[in-house]
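I have placed the structure first, in the form of structure tokens, so that the comments after it can refer back to it.
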Amino acid sequence: MGKILLTLFTLALIFCQTNGVIQCGTDVLPKVKPCGGFVLGQDAKPSQDCCVGLQDLAKIAAASQSDRKDICICFKALMKAGQVNFKKAKQLPNLCNFTTFMPITPNPDCSKVKS
């Protein structure tokens with residue numbers, strides 16, 4: 001799992017830098033990294049750190065459309081880089097008690113994130 005997370009981190013730093021304030025490598029990846037075991041199918045439930053990170057991102061996303069788009073772009077790249085189990089990933093909003101602003105799909109349309 002360490003190699004997978006290192007790969008995700010590297011890809012986030014290379015490909016996910018956005019034009020806005022939200023940066024994948026520093027703002028998003030540290031918050032979703034604890035979710036790796038769950039969404040990659042290794043853990044039966046998300047960790048507390050995973051849920052706290054996702055709740056924090058949901059609060060950040062609520063601030064502006066631009067932030068939602070930037071976070072979506074980052075998630076999109078992260079989902080392409082790993083073998084995400086989307087059945088498990090779709091459970092995260094309910095398991096971690098947060099409202100998602102984007103569809104949890106392999107290729108979300110970030111230009112249409114909820115306003």
Side-chain angles (χ1 to χ4, degrees):
M1 181 156 120
K3 286 185 179 183
I4 292 171
L5 292 175
L6 179 60
T7 301
L8 292 175
F9 180 72
T10 302
L11 288 170
L13 289 175
I14 294 170
F15 296 114
C16 299
Q17 298 302 315
T18 63
N19 293 328
V21 177
I22 303 297
Q23 300 295 315
C24 286
T26 56
D27 298 322
V28 178
L29 187 63
K31 293 186 182 307
V32 299
K33 184 178 176 182
C35 303
F38 181 72
V39 298
L40 297 175
Q42 298 156 340
D43 297 339
K45 63 180 186 171
S47 68
Q48 181 65 26
D49 288 342
C50 169
C51 290
V52 168
L54 292 174
Q55 290 166 357
D56 286 348
L57 280 177
K59 289 176 188 171
I60 292 168
S64 75
Q65 180 75 15
S66 175
D67 289 346
R68 286 187 290 280
K69 185 177 178 183
D70 290 346
I71 293 169
C72 178
I73 291 167
C74 184
F75 273 129
K76 186 174 181 174
L78 292 172
M79 288 186 282
K80 285 183 178 182
Q83 298 296 317
V84 173
N85 178 330
F86 287 97
K87 183 177 178 182
K88 291 184 100 173
K90 287 179 181 185
Q91 296 173 19
L92 286 168
N94 288 332
L95 293 173
C96 292
N97 195 27
F98 71 95
T99 301
T100 185
F101 60 91
M102 60 178 273
I104 300 174
T105 64
N107 193 25
D109 184 350
C110 295
S111 67
K112 297 181 180 179
V113 293
K114 293 181 184 177
S115 43

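Asp70 approaches Ile22 most closely through the heavy-atom pair CB-CB, 3.6 Å. Summarising the geometry of Asp43 relative to Lys88, their closest heavy-atom pair is O-NZ, 2.5 Å, with the distance given to 0.1 Å. Pro30 approaches Cys24 most closely through the heavy-atom pair CD-O, 4.2 Å. The two residues Val32 and Leu57 come nearest to each other via the heavy atoms CG1-CD1, 3.7 Å. The two residues Ile71 and Ile60 make their nearest non-hydrogen contact at CD1-CG2, 4.0 Å.
Remark: Ser47 pairs with no residue by the side chain to side chain donor-acceptor pair (under 3.5 Å) rule, at least two apart or across chains.
The structure places CG of Asp27 at 11.5 Å from CG of Asp56, a figure rounded to the nearest 0.5 Å. Here CG of Leu54 is found 4.0 Å from SG of Cys35. Values are rounded to the nearest 0.5 Å.
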Side-chain donor-acceptor pairs of residues 93-110 under 3.5 Å, sequence neighbours excluded:
| residue | atom | partner | partner atom | Å |
| --- | --- | --- | --- | --- |
| Thr100 | OG1 | Met102 | N | 3.4 |
| Thr100 | OG1 | Met102 | O | 3.0 |
| Asn107 | OD1 | Lys76 | NZ | 3.1 |
| Asp109 | OD1 | Ser111 | N | 3.1 |
| Asp109 | OD1 | Ser111 | OG | 2.6 |

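Judged by distance alone, with hydrogens and angles left aside, the side-chain atoms of Gln91 form no donor-acceptor pair with the main-chain N or O of Lys45 at under 3.5 Å.
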Does the pair Cys50 and Val39 meet the rule for a side-chain contact (heavy atoms from CB on, under 4.5 Å), with working shown?
CA-CA 10 Å; Cys50 169; Val39 298; over 6 Å; no

